[in-house]
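In listed order, ligands and their atoms are each counted from 1.
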Amino acid sequence: MTSANDLAALAIDIAREAGDLARVRRGEGVAIAATKSALADIVTDADREVEALIRARLSNERPEDGFLGEETGAERGSSDITWVVDPIDGTVNYAYGIPAYAVSIAAVTGEPTPEEWHAVAGAVYNPPLGEMFHAAEGEGAWLGDARLAVNTDPMTAGALLATGFGYDPATHAGDLERVARVMPLARDLRRAGAASLDFAYVAAGRLDGYFERGLQPWDHAAGALLVTEAGGRVGGAGPDGRVSNALSVASAPEVFDRLLAAALGA
Ligand code: IPD
């Protein structure tokens, strides 16, 4: 049986190679290949090339595992493991040249849906900064060789929070109402543009909490494990309070219940 550490090591290795390719392609110039759910929801040639690299490496090294990727969709495997992949999370940052984008790779077991899966390993790699966040179940969350812990005293001056807004303009009014409900808890609010890094920053204590509606499975699969392995809490509007497309929340334990209640409007 493969250990969570072995899966994390593979996620790290592939994320580094994939991220380095994304960084090289960024230096050569970015071509928008298509739009997806909305005009603002773009895919670049690099998203596709980087996902192809990740998928090829996984199918070479773990041919029995399943795959769920942002650009190329889902394929069931014969093992219990599925790799959940966002080749370039923060594509709009990437296209604009803002150095806040990441390769996100997670290994999950069970049904490959966020309502049911169990995350066992993950890596979130920000190529411009060379920061490799990674976690294996029960083995902690790490930035390179440094163990991560969520901020345990975030509320003295209010919590430093982050959020995001979906690509569909029709959802923005509701998202802004959520921001208004949450702001009484906050000392300030960030919108950096890459969900996987928002989760990673909560794990690293660079943020006290993060909330967003509209996340896709590949946006949170690796990041959520980073947060729980760093001692934080993750949840949302899904079954049994799990992360879901309707709402995802990650934070230090001290903030979580208040943040979730405010974000839900409960
Ligand atoms: C997006 C980013 C963004 C978040 C969106 C995501 P993508 O992912 O994570 O921060 O607000 O909800 O879709 O499209 O750049 O991979």
Side-chain angles (χ1 to χ4, degrees), residues 15 18-19 21-23 25-26 30-52 54-55 68-73 83-106 114 122-128 131 133 161-176 178-179 182 189-203 206-207 209-224 226-227 234 236-238 243-250 263:
L21 174 63
R23 187 165 40 75
R25 291 291 179 259
R26 173 63 235 176
V30 171
I32 310 297
T35 58
K36 299 192 286 183
S37 62
L39 261 186
D41 186 4
I42 55 171
V43 56
T44 70
D45 288 336
D47 286 272
R48 291 174 172 171
E49 187 182 3
V50 172
E51 183 158 315
I54 295 168
R55 196 163 184 164
L68 173 62
E70 176 169 19
E71 312 305 341
T72 54
W83 294 88
V84 186
V85 169
D86 193 338
I88 301 179
D89 181 41
T91 305
V92 174
N93 284 346
Y94 183 79
Y96 274 74
I98 297 171
Y101 62 89
V103 177
S104 178
I105 300 178
V124 173
Y125 179 49
N126 177 354
E131 289 192 320
F133 300 89
L161 300 177
T163 192
F165 301 93
Y167 294 117
D168 179 0
T171 62
H172 291 166
D175 290 343
L176 289 169
R178 182 173 300 104
V179 168
V182 165
L189 183 70
R190 302 285 180 262
R191 195 296 185 248
S196 60
L197 290 175
D198 290 324
F199 281 100
Y201 281 22
V202 171
R206 295 176 180 177
L207 292 168
Y210 161 67
F211 61 98
E212 183 164 351
R213 182 209 53 77
L215 290 189
Q216 299 298 325
W218 40 82
D219 294 323
H220 59 73
L226 290 170
V227 173
V234 173
V243 166
S244 77
N245 183 266
L247 180 68
S248 303
V249 173

Answer side chain, backbone, both or neither: which part of [X] comes under 4.0 Å from ligand 1, heavy atoms only.
X      : answer
Arg191 : side chain
Glu70  : side chain
Asn93  : neither
Ala194 : backbone

Within a distance under 4.0 Å of any heavy atom of [X], pick out the atoms of ligand 1 and give their elements.
X      : answer
Asp219 : 6 (C), 8 (O), 13 (O)
Ala195 : 2 (C), 9 (O), 10 (O)
Gly193 : 2 (C), 3 (C), 10 (O)
Ile88  : 16 (O)
Glu212 : 4 (C), 5 (C), 11 (O), 12 (O)
Asp86  : 16 (O)

Any non-hydrogen atom of [X] lying under 4.0 Å from ligand 1?
X      : result
Lys36  : no
Tyr101 : no
Gly166 : no

Look only at the side chain of [X] and the backbone of [Y], and say whether a donor-acceptor pair between them is shorter than 3.5 Å.
X      : Y      : value
Asn93  : Ala100 : yes
Tyr101 : Ala194 : no
Thr171 : Asp168 : yes
Glu51  : Thr72  : yes
Thr163 : Phe211 : yes
Asp89  : Ser196 : yes
Arg26  : Ala95  : yes

(Q) Within the 3.5 Å criterion, strictly below it, is a donor on Asp47 or Thr91 matched to an acceptor on the partner's side chain? (A) yes
Q: Look at Arg213 together with Asp175 and state whether they make a salt bridge at an N to O cut-off of under 4.0 Å.
A: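 Here Arg213 pairs with Asp175 in a salt bridge, since their nearest N and O are under 4.0 Å apart.
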Q.
Does this structure show an ion pair linking Lys36 with Glu71, if we count only N-O contacts that are shorter than 4.0 Å?
A.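 The answer is yes: the pair qualifies as a salt bridge.
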Q: Do me a favour and list the nearest non-hydrogen protein atom to atom 8 (O) of ligand 1 with residue, atom name and distance?
A: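 Answer, as residue, atom name and distance: Asp89 OD1, 2.9 Å.
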Q) What residue and atom, counting heavy atoms only, is the protein's closest point to atom 7 (P) of ligand 1, and at what distance? A) Tyr167 OH, 3.5 Å
